[in-house]
Protein chains: 2
Amino acid sequence: MPQAPFVPVIPAGGSGTRLWPLSRRARPKFLLDLTGEGRSLLQSTLERLVPLADRPPIVVTGAVHAAAVREQLGGQERARVVAEPSARNSMPAIALAAALVERELPDAIIGSFAADHLIRDRAAFAEAVGIAREAAEVGYLVTLGIAPTHPATGFGYIERSAVDGADASLDDTPLPPAAPPAAAALPAAAHPVLRFVEKPERESAEQFLATGRFLWNAGMFVVRASVLLDELAAQIPSLAAGVREIAAAHGTASSQEVLERIWPRLTAISIDHALAEPLAADGKVAVVPAAFGWDDVGDFAALARQLRENSSAPGPSGTSDPPRDAPDVRVLGSATVDAVSSRATVYGSTDRHIALVGLDGISIVDTEDALLVLADEQAQELSTLVARLDQQGLGRLR
Amino acid sequence: MPQAPFVPVIPAGGSGTRLWPLSRRARPKFLLDLTGEGRSLLQSTLERLVPLADRPPIVVTGAVHAAAVREQLGGQERARVVAEPSARNSMPAIALAAALVERELPDAIIGSFAADHLIRDRAAFAEAVGIAREAAEVGYLVTLGIAPTHPATGFGYIERSAVDGADASLDDTPLPPAAPPAAAALPAAAHPVLRFVEKPERESAEQFLATGRFLWNAGMFVVRASVLLDELAAQIPSLAAGVREIAAAHGTASSQEVLERIWPRLTAISIDHALAEPLAADGKVAVVPAAFGWDDVGDFAALARQLRENSSAPGPSGTSDPPRDAPDVRVLGSATVDAVSSRATVYGSTDRHIALVGLDGISIVDTEDALLVLADEQAQELSTLVARLDQQGLGRLR
């Protein structure tokens, strides 16, 4: 059982251009109810973490979203909101939260979990976090690795040490040194990480799955706050010193002045590049393999899949693939929809009547100022369209 | 050269449920600009016919559309508008126009052409009408038959006498009697009609095309007004007598009273069933084969095809099938559209921005109160959806 207090950190950022026009700059993905369950992804994330926390979770978000985040979270008792003056990628956000925690609870463990992911099985998630906390207590940077269900090319991968103890890496990556001093103390369900791999090509992804040693990188990190900051001080000293200086001024009269002076100078870098990759090479990263029904809902194809898995399939047979001529339409929002021979997902925020004929794997987003019709199988291409809105003088739609 | 004066008749009716929500009960297909050329199908029809006419064409339309029709036609000099108190199918509408013409010009030829068809080649159309008028002058009910370009199942067919003179019908339909008395006087480009065939199954349609004797029935009839009424008097005496009584009262004080008393009692029947089929069996129908680029724009698939044929293909190569990743999107209306890898047709009457990703053969109609997304290959199924709007309490959208 973990001993040190646990404080969740929730980085709430990301532009979410692959869910436009459902998500917008001013209303990012984490503020949206994408499951139709009556709460946003941020609210679901908080509900999942509050029962595990010894102090209110810290939500780190952009200053422009701080008010909306506070409104959704409902009160300082449930969560603290830290507003970043500008987006500097994930490492400064998580490091600042770590510094705030370290100052108040020097031995605390933090766990960083994105505000806009879906997790189905809360009990399995809680169990994995518990194991990760134990591994963090013995000094590891711990990540939760998702057991892959298919050779996805949209996620990064984590290669763990071989199950049979033969630590041969898949390619010529130099192997890390022998297990670090504390390795013996790792919980049985946690494993040393050999390396992190960025989003692979299809062929590599298939090879990864064949080895049985690769997990999806869901960007979930559990680590002692002081370990994170000390390791960061070894990698990027100015970044660790900067967030510690901001934390030291927290709650004082100069708090805002210090934040606004230091923040823009912090290295904008992801936690993967700043810490996870170099520490993995040093044998200081552990992974807890987990299967709790995770999805980052990265595009409309993922969202359509989630909405289908969420609800029971229509029709008396209860099969998940109804015949083509029976409409299989999922609706999120207030739209009234009628369909013939269609498999589609509709996100409707207007009171317009929506009629569908003969569609197969189509997502439709109907809003007051923008309409999207998208083939799910090409969902990734949406970002091309969104990127050129500004050039077209349509920046107001982003 | 035809001698008798020619008066075009334009039945402007039809609910057009297969083009909903572009067409509505209150704004039927013939009032719409479906080609983006800045004029409605009705206006195009009138422009095509005025140069051929010896008197202003007569537009027969429903009372509810009379005001809109008059507004589009612009003045009594160009066309006369006759308002039907209720829809009674095509025979009463055309017969009433014939009776009005017969009363003023007893030997006149009328030509009835639907208000909502597209015709590409006006010169070829004018030439075919000229031949039809000559055949009508010798007593025939003359139809213009469209040279089929594919074995369509959405149109009726006309079987003409064999090109080589061997008058064997395709099936066991009893052959009509030998050519009628006037047959020798038929213009060379006109041919006796053996029979009319309703919309066939695919297999039959293919057999039809193989014979070379079948033409599409576009519902275009050219006939002396008095012949039409006399033949109708032999088939359905009350219908002929009724329209002649309405015509006799036309322009008098009792005009409206007579119309409203008689009209509801007239047999509601199509000209095909009332006259064309029985007269064909008697050898009294002739057909002028024609190829002037006709389409009835019966559904969104037809409309998408027309819009593609109308405009030159995009791209430097000028080919009509651009590669899948180059968007090929036709837009009718005021919508701003941006697309990636899509072949689609958009009808936008709102100022919303429309974004398309990865679509292939999709039509989108974006209006203030209804949105349709339809796969062109299943365009015919739209009527199912439109039919149930009333049951859903959405009759206001029709």
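Please read all numbers here as calculations on a predicted model, not as lab measurements. Order of the sequence lines fixes the chain letters, A, B, ..., with proteins taken first and strands second; residue numbering starts at 1 for each chain.
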Chain B interface, residue from [options] that has the most non-hydrogen pairs under 4.5 Å:
{"options": "A/L372, A/I354, A/V386, A/L385", "value": "A/L385"}
{"options": "A/P21, A/A335, A/A370, A/G348", "value": "A/A370"}
{"options": "A/A355, A/A344, A/S363", "value": "A/A355"}

For this session: State, with a plain yes or no, whether a side-chain heavy atom of A/I362 is found less than 4.5 Å away from one of B/L359.
Result: yes
Of the backbone (N, CA, C, O) and the side chain (C-beta and beyond), which part of [X] lies under 4.5 Å from a heavy atom of chain A, both, or neither?
{"X": "B/A339", "value": "backbone"}
{"X": "B/I364", "value": "side chain"}
{"X": "B/T367", "value": "backbone"}

Exercise. If you check every heavy atom in residues 389-398 of chain A against those of chain B, which residues fall under 4.5 Å?
Worked result: A/L389, A/Q392, A/L394, A/L397
For this session: Return the set of residues passing salt bridge (Lys or Arg N to Asp or Glu O under 4.0 Å) with B/D299 (not counting sequence neighbours), or none when no residue passes.
Result: none
For this session: Just jot down the salt bridge (Lys or Arg N to Asp or Glu O under 4.0 Å) partners of B/R352, sequence neighbours excluded, or say none.
Result: A/D366, B/D366
Problem set entry | Test log, rule side chain to side chain contact (heavy atoms under 4.5 Å, CB included), inputs A/Q378 and B/D360 | CA-CA 11 Å; A/Q378 293 189 55; B/D360 191 15; over 6 Å; no
Exercise. For B/H353, which residues count as a ring-ring contact (aromatic ring centres under 6.0 Å, His included) partner, sequence neighbours excluded?
Worked result: none
Problem set entry | Where B/G358 and A/A375 come nearest, the two heavy atoms and their spacing | O-CB, 3.1 Å
